[in-house]
Amino acid sequence: QVQLVESGGGLVQAGGSLRLSCAASGRTFSSYVMGWFRQAPGKEREFVAAISWSGGNTKYADSVKGRFTISRDNAKNTVYLQMNSLKPEDKAVYHCAADRTYSDYVPIARREYDYWGQGTQVTVSS
């Protein structure tokens, strides 16, 4: 079993930055691909970013490319999402997700992830 706990959300003005963290416990962290998804009220949960178990392969949604950076520290069992140049449309609940993997494949679909955190709220004011 894997448990995921997000932190770092909050209120920030447009153009500002936030750093989200996701702490994992349970099975060996390095054997899991990790991803971030977000969901705004009235909208479906959408892919944001993901990183392979090795950290060598990453994927980003077009809407956040150049602004967000995903990274991981396997020694600390933690994945991060550095969010810069935040926009009001980035406002959402951000969820951390994990999936067991035996390759460097990075899925971007919700159905491909088996474990989910409860989420952390990110609010961006104009």
Side-chain angles (χ1 to χ4, degrees):
Q1 296 182 346
V2 175
Q3 295 80 45
L4 306 174
V5 180
E6 304 95 335
S7 63
L11 174 64
V12 65
Q13 291 187 324
S17 299
L18 282 174
R19 181 179 173 89
L20 305 184
S21 298
C22 174
S25 61
R27 296 189 179 92
T28 303
F29 185 69
S30 61
S31 63
Y32 287 81
V33 59
M34 304 293 296
W36 288 95
F37 293 75
R38 66 187 182 185
Q39 186 168 23
K43 300 179 65 177
E44 66 179 14
R45 190 171 298 184
E46 66 177 359
F47 171 76
V48 177
I51 186 168
S52 65
W53 70 269
S54 69
N57 190 19
T58 59
K59 299 290 184 183
Y60 295 93
D62 289 340
S63 60
V64 306
K65 284 183 178 178
R67 300 189 298 122
F68 292 8
T69 302
I70 188 170
S71 62
R72 66 190 297 162
D73 186 341
N74 289 346
K76 296 182 178 180
N77 291 335
T78 302
V79 63
Y80 306 96
L81 184 67
Q82 178 66 47
M83 305 184 294
N84 299 325
S85 302
L86 283 162
K87 305 174 181 179
E89 50 263 45
D90 293 318
K91 178 180 182 295
V93 174
Y94 283 70
H95 295 266
C96 179
D99 189 57
R100 188 73 172 85
T101 182
Y102 296 95
S103 71
D104 216 37
Y105 174 64
V106 179
I108 63 173
R110 291 170 293 174
R111 64 181 182 274
E112 299 190 75
Y113 288 86
D114 293 329
Y115 306 98
W116 294 85
Q118 289 296 110
T120 184
Q121 176 70 235
V122 171
T123 302
V124 184
S125 62
S126 60

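All values derive from a computational prediction rather than experimental measurement.
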Taking it one step at a time, do Cys22 and Tyr80 satisfy side-chain contact (heavy atoms from CB on, under 4.5 Å)? CA-CA 6 Å; Cys22 174; Tyr80 306 96; over 6 Å; no

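- Between the side chain of Asn74 and the backbone N or O of Trp53 there is at least one donor-acceptor pair closer than 3.5 Å.
- With hydrophobic clusters built from ILVMFWY side chains whose heavy atoms lie under 4.5 angstrom apart, Tyr115 shares a cluster with Ile70.
- With hydrogens and angles disregarded, no donor-acceptor distance shorter than 3.5 Å links the side chain of Thr123 to the backbone of Leu11.
- In this structure Gln82 satisfies the side chain to side chain donor-acceptor pair (under 3.5 Å) test together with Asn84, sequence neighbours excluded.
- The aromatic rings of Tyr94 and Phe68 sit tilted relative to each other, their planes meeting at an angle between 30° and 60°.
- Linking Ile, Leu, Val, Met, Phe, Trp and Tyr residues whenever their side-chain heavy atoms come within less than 4.5 Å leaves Val93 and Phe47 in two separate clusters.
- Side-chain atoms of His95 and Gln118, non-hydrogen and from C-beta on, never get closer than 4.5 Å to each other.
- Side-chain N or O atoms of Thr78 include one that pairs as donor or acceptor with a backbone N or O of Lys76 at under 3.5 Å.
- In this structure, Arg45 fails the cation-pi test against Phe37, since its NZ or CZ atom is not both closer than 6.0 Å to the six-membered ring centre and inside 45 degrees of the ring normal.
- For Glu6 (side chain) and Cys96 (main-chain N/O), a donor-acceptor pair under 3.5 Å exists by modelled atom type.
- Looking only at distances, a side-chain donor or acceptor of Asn57 sits under 3.5 Å from a matching main-chain atom of Asp104.
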Going through the distances and angles, do Leu4 and Met34 end up as a side-chain contact (heavy atoms from CB on, under 4.5 Å)? CA-CA 10 Å; Leu4 306 174; Met34 304 293 296; 3.9 Å; yes

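- Using modelled atom types, one side-chain atom of Arg72 and one backbone atom of Ser52 make a donor-acceptor pair closer than 3.5 Å.
- Salt-bridge check for Lys65 with Asp62: passed, with a basic side-chain N closer than 4.0 Å to an acidic carboxylate O.
- At a cut-off of 3.5 Å, with distance as the only test, a side-chain donor of Gln3 or Ser25 sits close to an acceptor on the other residue.
- For Gln121, the CD atom is densely surrounded, since the number of other residues' heavy atoms within 6.0 Å is greater than 12.
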Met83 vs Val122, test: side-chain contact (heavy atoms from CB on, under 4.5 Å). Steps then yes/no. CA-CA 10 Å; Met83 305 184 294; Val122 171; 3.9 Å; yes

